[in-house]
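The next block holds one structure in the form of C-alpha cells; read it before the comments.
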Amino acid sequence: MSRRRQIYEGKAKILYEGPEPGTIIQYFKDDATAFNAQKKGTISGKGVLNNRISEHLFTMLATIGIPTHFIRRLNMREQLVRQVEIVPIEVVVRNVVAGSLAKRFGMEEGTVLPRTILEYYYKDDALGDPLITEEHIAAFGWATQEEMHDIADMAIRVNDFMAGLFAGVGIRLVDFKLEFGRLFDGDFSRIILADEISPDGCRLWDMKSNEKLDKDRFRRDLGGEAEAYQEVARRLGLTPEDEPEVLNLAEHRKTRGR
Ligand code: UDP
C-alpha cells in the first residue's frame, strides 16, 4: 500500500498529508507521555478510543456553532481534518483545582473554583510549556488581540457545553486543554478549534466516586487506563460499532484469554 507522506509525528498522534490540498489525516497512537515526555508508555486501544471520543465532541461542538478542523473519521485510528497553522499556545480551562494549579498555589485538589480560570501555556517542549500571560502573547506576537478574543470566547463556550455534556453522564469536567489554529482563506485567516479533545487532555472525575477517568491514571500509576477511557466512551453513548474488538476492551481481553 502506498503510504501517505508523513508531515509530523507528535507524542500521541502522527499527521499525514490528506487526500486533497488543505486537508490532513490525524492518526491516533497508543503512545502515552507525561511530565514533558519524561514518562513514556503505551495504553492499548487508547488511540481508537481517543479518535472516537474526539470525533464525538468535535461533532457536538460544531452543532453549537464552534468552528473546528474536524471533517470526518476515516477509520479506527484516523480522522480527516482541515489543515491549519497551529497557534503556539495551549489553552487550559479549569473548573476545579487539580494538577499544576494545586501544586503552584498549594491548594487541595478537588476544590471547586468560584469562577472558571483560563490559562495559557507557550507550546515549547524544550522549555516545558511555560505558563504565560496575554502580555507575553501580545509582546512576542504569538497571536493578535482579535485572535485571543476569539480563542477565549470559544474556550468558555466549549467549557460550558462540555461541562454540561459530561455532567449529564455523571462525569465532572475538572479541567482540559485546547489548541486552536488559523484557517487561511487567501490573506485572511480565522481561528478554529484544532487538535483533539480526549481523556489525554482532560481531567474527568466520576461524580459519585471521584474516580479518575483520564490520563492521571497513567501519570499517577493508578492502572486501568484503557478501561477508564472506555468508560468515558461508553457513557457518551459511543457503542462499539464497526470495531467491537477494541472499543469493547473487556470482551476483547476475555476472548483473547487475558
Ligand atoms: N494538559 C495537556 N497537555 C499538557 C499540559 C496539560 O493536555 O501539555 C491538560 C491536562 O490533561 C489537564 C489540564 O491540561 O487536563 C491541566 O493540566 P495541568 O496544568 O494541571 O498540568 P499537569 O498536572 O497535567 O502537568
Side-chain angles (χ1 to χ4, degrees), residues 8-13 26 28-41 43 46-47 49-51 53-54 57-58 69 86-113 115-133 136 142 151-152 154-156 158-163 165-167 171-181 193-207 210-222 225-226 228-229 231-232:
Y8 175 81
E9 176 155 10
K11 285 170 261 184
K13 290 192 292 295
Q26 285 192 333
F28 288 74
K29 300 192 283 184
D30 285 345
D31 297 350
T33 62
F35 313 119
N36 200 24
Q38 285 172 54
K39 179 180 169 122
K40 290 192 177 107
I43 302 172
K46 173 176 82 82
L49 290 159
N50 281 356
N51 186 23
I53 292 168
S54 197
L57 295 173
F58 273 70
H69 74 159
I86 290 287
V87 175
I89 298 167
E90 298 198 341
V91 179
V92 169
V93 185
R94 300 180 181 275
N95 300 306
V96 177
V97 174
S100 71
L101 181 71
K103 206 169 159 195
R104 192 177 315 125
F105 298 110
M107 285 176 176
E108 200 182 334
E109 284 204 312
T111 310
V112 177
L113 291 164
R115 52 168 280 175
T116 297
I117 296 177
L118 277 189
E119 290 178 345
Y120 305 111
Y121 294 84
Y122 182 52
K123 256 174 82 71
D124 188 317
D125 286 340
L127 298 175
D129 297 346
L131 179 68
I132 52 173
T133 70
H136 300 110
W142 293 324
I151 285 173
M154 276 193 247
I156 293 296
V158 169
N159 182 53
D160 287 347
F161 181 79
M162 290 216 311
L165 187 80
F166 280 114
I171 293 174
R172 190 186 310 281
L173 179 61
V174 170
D175 58 32
F176 61 96
K177 185 260 295 181
L178 296 175
E179 292 189 26
F180 293 87
L193 185 62
D195 192 44
E196 68 174 283
I197 307 179
S198 72
D200 267 8
C202 300
R203 283 197 172 91
L204 304 168
W205 296 357
D206 179 79
M207 276 188 167
N210 275 333
E211 192 189 348
K212 296 181 200 311
L213 302 172
D214 55 56
K215 205 166 89 177
D216 270 350
R217 300 209 73 86
F218 171 75
R219 292 189 191 98
R220 303 179 189 193
D221 295 319
L222 299 172
E225 294 93 341
Y229 283 47
E231 177 63 11
V232 173

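One is the number of the first residue; the rest follow in order along the sequence. For ligands, and for the atoms within them, numbers begin at 1 and follow the listed sequence.
- Of all atoms in ligand 1, listed by their number and element, those nearer than 4.0 Å to a heavy atom of Y121 are 19 (O).
- Across all their heavy atoms, D216 and L222 have their closest contact at O-CD1, 4.0 Å.
- Atoms of ligand 1 lying under 4.0 Å from any heavy atom of E90, numbered from 1 in the order shown and given with element: 3 (N), 4 (C), 5 (C), 8 (O).
- Looking at atom 20 (O) of ligand 1, its nearest protein heavy atom turns out to be S100 N, 2.8 Å.
- In K215, neither the side chain nor the backbone holds a heavy atom less than 4.0 Å from any atom of ligand 1.
- Considering backbone and side-chain atoms alike, E119 places every N or O at 3.5 Å or more from each N or O of ligand 1.
- For the residue pair S54 and I197, the shortest heavy atom distance occurs at OG-N, 3.0 Å.
- Among F180, Y122, Y121, the one residue that satisfies the ring pair (Phe, Tyr, Trp, His ring centres under 6.0 Å) test with W142 is Y122.
- Looking at heavy atoms from C-beta onward, L173 lies in side-chain contact with L204 at the 4.5 angstrom threshold.
- Remark: I86 pairs with V84, K123, E179, A194 by the side-chain contact (heavy atoms from CB on, under 4.5 Å) rule, at least two apart or across chains.
- With salt bridges taken as basic N to acidic carboxylate O contacts below 4.0 Å, none links K46 and E225.
- Of all protein heavy atoms, the one lying nearest to atom 23 (O) of ligand 1 is R203 NH2, 2.8 Å.
- If you look at R94 next to ligand 1, the close heavy atoms, those under 4.0 Å, all belong to the side chain.
- Heavy-atom distances between D200 and ligand 1 reach below 4.0 Å in at least one pair.
- Protein heavy atom nearest atom 3 (N) of ligand 1, with residue, atom name and distance: K177 CE, 3.5 Å.
- Of the protein's heavy atoms, R219 NH2, 3.5 Å lies nearest to atom 10 (C) of ligand 1.
- Summary of contacts: the protein heavy atom closest to atom 15 (O) of ligand 1 is D175 OD1, 2.6 Å.
- With a 6.0 Å radius and a threshold of 12 heavy atoms from other residues, nucleotides or ligands, M107 has its CE atom at or below the threshold.
- Using modelled atom types, no side-chain atom of N95 and backbone atom of D175 make a donor-acceptor pair closer than 3.5 Å.
- Partner D195 forms a side-chain hydrogen bond (donor to acceptor under 3.5 Å, both in side chains) with one of H69, Q26, K13 and no other, that one being K13.
- Atom 13 (C) of ligand 1 is approached by the protein to below 4.0 angstrom, counting heavy atoms only.
- Residue-environment remark: NZ (K103) stays at or below the threshold of 12 foreign heavy atoms within 6.0 Å.
- Near G99, the atoms of ligand 1 lying under 4.0 angstrom from a non-hydrogen atom of the residue are 20 (O), 23 (O).
- Which parts of ligand 1 touch D129 is read off a 4.0 Å heavy-atom cut-off, strictly below it: atoms 8 (O).
- Distances below 4.0 Å separate heavy atoms of C202 from the following atoms of ligand 1: 11 (O), 15 (O).
- Interface of V92 with ligand 1, defined as ligand atoms under 4.0 Å from a residue heavy atom, comprises 14 (O), 16 (C).
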